[in-house]
2 protein chains.
Amino acid sequence: MGDERDIIERCSATVVHEDTVEQVKEKMPEDECLFDLAELFKVFGDTTRVKILFALFTAEMCVCDLTALLGLTQSAVSHQLRVLKQARLIKYRKQGKMVYYSLDDEHVKRIFDQGLAHIRH
Amino acid sequence: MGDERDIIERCSATVVHEDTVEQVKEKMPEDECLFDLAELFKVFGDTTRVKILFALFTAEMCVCDLTALLGLTQSAVSHQLRVLKQARLIKYRKQGKMVYYSLDDEHVKRIFDQGLAHIRH
DNA sequence: ATAAAGCATGATCATATGCTCATATGTTTA
DNA sequence: TAAACATATGAGCATATGATCATGCTTTAT
């Protein structure tokens with residue numbers, strides 16, 4: 001308990017602009033919201049998944065087509081599709097032994113467009 | 001060389017929709033572009049960095065204020081600010097021994113807004 | 001000049017991540 | 001029913017990542 005108080009005192013002692021910190025704190029979204037947002041962007045933070053999403057911008061595709069497109073193992077593709085599915089970014093339909101994946105979100109394209117806009121200076 | 005040919009043959013043999021794959025390939029951005037995009041989102045894929053950016057939406061802040069706000073080590077904050085700086089998302093100005101950080105991109109807010117829109121179903 | 005304060009950086013470590021291999025599941029065809 | 005094909009999943013491994021600790025750098029104050 002003594003340690004905790006020391007830390008708190010040390011922290012508040014080094015805050016230069018208490019008013020700014022307070023103001024910012026009030027405008028910050030909930031911790032859970034910030035966490036979920038980071039989790040979403042984490043999904044976009046991998047080249048393979050970005051490629052899959054871009055591919056699905058153009059067309060619905062089955063796993064073996066995606067595998068050929070990406071030049072990876074079928075297993076690797078399947079694992080990544082699982083991640084995208086869990087993030088509710090893609091949906092699928094089964095037709096015989098094939099599974100066709102497609103986009104399930106209208107925001108992804110806009111997010112990517114804004115991201116590309118940042119990249120080009 | 002024999003191995004490589006085998007792989008290529010095996011791949012093309014499992015492509016069900018060659019036309020779709022070709023069409024998608026043509027519409028895909030450059031590999032470097034896709035890589036850069038993933039790198040950008042990787043920066044957004046961490047709660048600490050998301051918090052820092054949200055904080056800077058509201059106000060310019062110095063490192064010690066951010067440290068107090070986040071409840072982390074000053075070192076940790078400094079390391080993350082470096083990442084954000086390298087991604088050209090924030091800029092800084094020195095004033096005496098203090099360093100003030102602020103946003104350096106108009107796209108971040110839009111990207112975050114779209115991300116939040118996805119999260120809320 | 002020396003001490004103190006604010007920030008940056010290198011080293012280290014524990015955890016997370018993404019791929020491959022092996023195998024399981026499910027569907028179609030012979 | 002057995003074999004072949006498309007996909008999913010678990011285990012294992014190598015690398016990446018984010019936090020802390022220790023320390024260095026720069027500016028201000030005494």
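Atoms considered below: every heavy atom in the structure, side chains included; atoms not considered: hydrogens, waters and symmetry mates. Residue numbers start from 1 in every chain, and the chains themselves are labelled A, B, ... in the order their sequence lines are given, proteins ahead of strands.
Of the two residues contacting DNA chain C, namely A:Lys97 and A:Ala76, the nearest-nucleotide position lying further toward the 5' end is that of A:Ala76.
A:Thr73 has a side-chain polar atom (N or O) that falls below the 4.0 Å cut-off from OP1 or OP2 of C:dT20.
Across the protein-nucleic acid pair, A:Tyr100 atom OH and D:dA8 atom P stand 13 Å apart, rounded to whole Å.
By the side-chain contact (heavy atoms from CB on, under 4.5 Å) test, B:Phe57 is found to be paired with B:Phe54, B:Leu103, B:Val108, B:Lys109, B:Phe112, residues two or more places apart in sequence or in another chain being considered. In this structure A:His17 satisfies the ring-ring contact (aromatic ring centres under 6.0 Å, His included) test together with B:Tyr100, sequence neighbours excluded. With sequence neighbours excluded, the residues forming a side chain to side chain donor-acceptor pair (under 3.5 Å) with B:His107 are B:Asp105, listed by chain and number. Among residues two or more places apart in sequence or in another chain, the side-chain contact (heavy atoms from CB on, under 4.5 Å) test is passed with A:Ser78 by A:Gln74. Judged as a salt bridge (Lys or Arg N to Asp or Glu O under 4.0 Å), and not counting sequence neighbours, B:Asp19 has no contacts.
A:Tyr101 comes within contact range of the sugar-phosphate backbone alone, with a heavy-atom separation under 4.0 Å but no base atom that close.
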Practice prompt. Before giving the answer on side chain to side chain contact (heavy atoms under 4.5 Å, CB included), spell out for B:Leu40 and B:Phe44 the whole-Å C-alpha distance, their side-chain angles and the decisive distance to 0.1 Å.
Written response: CA-CA 7 Å; B:Leu40 174 65; B:Phe44 296 147; 4.0 Å; yes
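Inter-residue side-chain proximity for A:Ile52 and A:Met61 is flagged as unmet; no heavy-atom pair is nearer than 4.5 Å. Residues A:Lys51 and B:Asp31 have side chains in contact (heavy-atom distance under 4.5 Å, counting atoms from C-beta outward).
Interface residues of residues 51-58 of chain A facing DNA chain C, ordered by number: none; criterion, heavy-atom separation under 4.0 Å. Taking every heavy atom of residues 34-50 of chain B and every atom of DNA chain D, pairs under 4.0 Å involve B:Lys42, B:Asp46, B:Thr48, B:Arg49, by number. Remark: B:Ser78, B:His79, B:Arg82 in residues 78-95 of chain B come within less than 4.0 Å of DNA chain C through at least one heavy atom.
Nearest nucleotide to the side chain of A:Ser75, out of D:dA19, C:dC7, C:dT20: C:dT20. Nearest to the side-chain atoms of B:Val63 among the listed nucleotides C:dT20, D:dT7, C:dC7 stands C:dC7.
A pairwise comparison of heavy atoms in B:Cys64 and A:Val16 identifies SG-CG2, 3.3 Å as the closest pair. A:Val63 approaches A:Tyr101 most closely through the heavy-atom pair CG2-CE1, 3.7 Å. The shortest heavy-atom contact between A:Leu37 and B:Gly115 is CD1-C, 3.6 Å.
The list of salt bridge (Lys or Arg N to Asp or Glu O under 4.0 Å) pairs with a residue in residues 34-46 of chain A, not counting sequence neighbours, reads A:Glu39-A:Lys42.
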Do any side-chain atoms of residues 80-99 of chain A form donor-acceptor pairs under 3.5 angstrom with protein atoms, and if so which ones, sequence neighbours left out?
unit_1	atom_1	unit_2	atom_2	d
A:Gln80	OE1	A:Arg49	NH1	2.8
A:Arg88	NH1	B:His121	NE2	3.4
A:Arg93	NE	A:Glu60	OE2	2.8
A:Arg93	NH1	A:Gln95	OE1	2.7
A:Arg93	NH2	A:Glu60	OE1	2.9

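Five base pairs at each end of the helix from C:dA1-D:dT30 to C:dA30-D:dT1 define two local axes, and these are offset by 10° (rounded to 10°).
Checked by distance alone, A:Gln74 brings no side-chain donor or acceptor within 3.5 Å of a matching partner on the base of D:dA6.
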